[in-house]
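A short worksheet on the structure shown next.
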Amino acid sequence: MSTIFTQIIEGEIPARIVYEDGTTVAFLDANPLAPGHTLVVPRDEFERLDDVPADVATDLYETIHRMVPAVEDAVDADATTVAFNNGEAAGQEVPHVHCHIVPRFEGDGGGPIHAIAGDRPDLADDELDDIAADIESRA
Ligand code: AMP
């Protein structure tokens with residue numbers, strides 16, 4: 001069963017496609033958080049960011065880089081929040097990697113990306129050191 005985004009890419013269901021190339025497609029979100037809310041996806045289905053091959057990741061970023069100013073200019077936004085929900089626990093509903101480009105406006109009542117946090121951890125210095133070392137060893 002293909003994802004809803006694959007169905008859009010294959011023209012099986014309608015969407016407002018605003019850009020496409022050989023590896024990526026951008027279209028308006030059907031339930032926009034702001035006018036111009038756009039999704040950028042790889043044509044091929046990858047569930048999470050780390051499933052995306054490096055060459056496709058490069059193309060994906062290039063399309064995001066292209067679309068951010070296009071979206072901002074089109075709706076006269078002051079800024080954009082650009083984000084991925086990467087995995088179900090992070091709120092990802094469609095298992096097909098997608099970048100949200102959400103136009104932001106002065107006084108729009110929204111929050112920064114920091115607003116996603118629930119209970120913030122209170123981490124001691126040695127715990128931070130351990131976490132940093134662990135991440136560094138895997139990077
Ligand atoms: P996420 O929670 O990060 O998986 O976001 C999925 C996004 O896909 C939501 O913002 C939905 O509004 C959007 N969406 C779902 N179905 C469609 C569709 N048919 N066309 C465009 N956007 C869609």
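Order of listing sets the numbers, starting from 1, for every ligand and every atom in it. The structure displayed is predicted, hence computed values, not measured ones.
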Would you mind running through ligand 1 and noting each atom that sits below 4.0 Å from a heavy atom of [X]?
| X | value |
| --- | --- |
| Ala30 | 17 (C), 18 (C), 20 (N), 21 (C), 22 (N), 23 (C) |
| Asn85 | 1 (P), 2 (O), 3 (O) |
| Ile8 | 18 (C), 19 (N), 20 (N) |
| Leu28 | 21 (C) |

*In the hydrophobic clustering that connects Ile, Leu, Val, Met, Phe, Trp and Tyr at side-chain heavy-atom distances below 4.5 Å, which members other than Phe27 occupy its cluster, ordered by chain and number?*
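Ile4, Phe5, Ile8, Ile9, Ile13, Ile17, Val25, Leu39, Val41, Val94, listed by chain and number.
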*Residues clustered with Phe105, ILVMFWY side-chain links under 4.5 angstrom*: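 Other cluster members: Val75.
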*Flag Val94 as yes when one of its N or O atoms lies below 3.5 Å from any N or O atom of ligand 1, and as no otherwise.*
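Looking only at distances, the answer is yes, because the N/O contact criterion of under 3.5 Å is met.
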_Test of understanding: given a 4.0 Å heavy-atom threshold, classify the contact between Leu33 and ligand 1 as side chain, backbone, both, or neither._
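For Leu33, no heavy atom sits under 4.0 Å from ligand 1.
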_Part of Ile4 within contact of ligand 1 (heavy atoms, under 4.0 Å)_ =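 The side chain, only.
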Give the residue and atom name of whichever protein heavy atom lies nearest to [atom], and the separation in Å to one decimal.
| atom | answer |
| --- | --- |
| atom 14 (N) of ligand 1 | Phe5 CE2, 4.1 Å |
| atom 2 (O) of ligand 1 | Gly91 O, 2.9 Å |
| atom 9 (C) of ligand 1 | Asp29 OD2, 3.4 Å |

*Counting heavy atoms only, which of Glu88, His98, Glu93 is nearest atom 3 (O) of ligand 1?*
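That would be His98.
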Any donor-acceptor pair under 3.5 Å from [X] side chain to [Y] backbone:
| X | Y | result |
| --- | --- | --- |
| Asn86 | Leu49 | yes |
| Glu45 | Thr3 | yes |
| Asp78 | Glu106 | yes |

*asked:* Between Ile64 and Phe84, does the side-chain contact (heavy atoms from CB on, under 4.5 Å) criterion hold? Intermediate values first, please.
replied: CA-CA 12 Å; Ile64 295 165; Phe84 293 83; 3.9 Å; yes
*With a 3.5 Å cut-off and no angle check, do the side chains of Thr24 and Asp21 form a donor-acceptor pair?*
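Yes, a side-chain donor-acceptor pair sits under 3.5 Å.
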*asked:* Below 4.0 Å from ligand 1: does a non-hydrogen atom of Ala15 turn up there or not?
replied: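 Contact check Ala15 vs ligand 1: negative.
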*Write down the atom of Arg104, the atom of Ala77, and the distance for their closest heavy-atom approach.*
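Looking at all heavy atoms of both residues, the shortest contact is O-CB, 3.6 Å.
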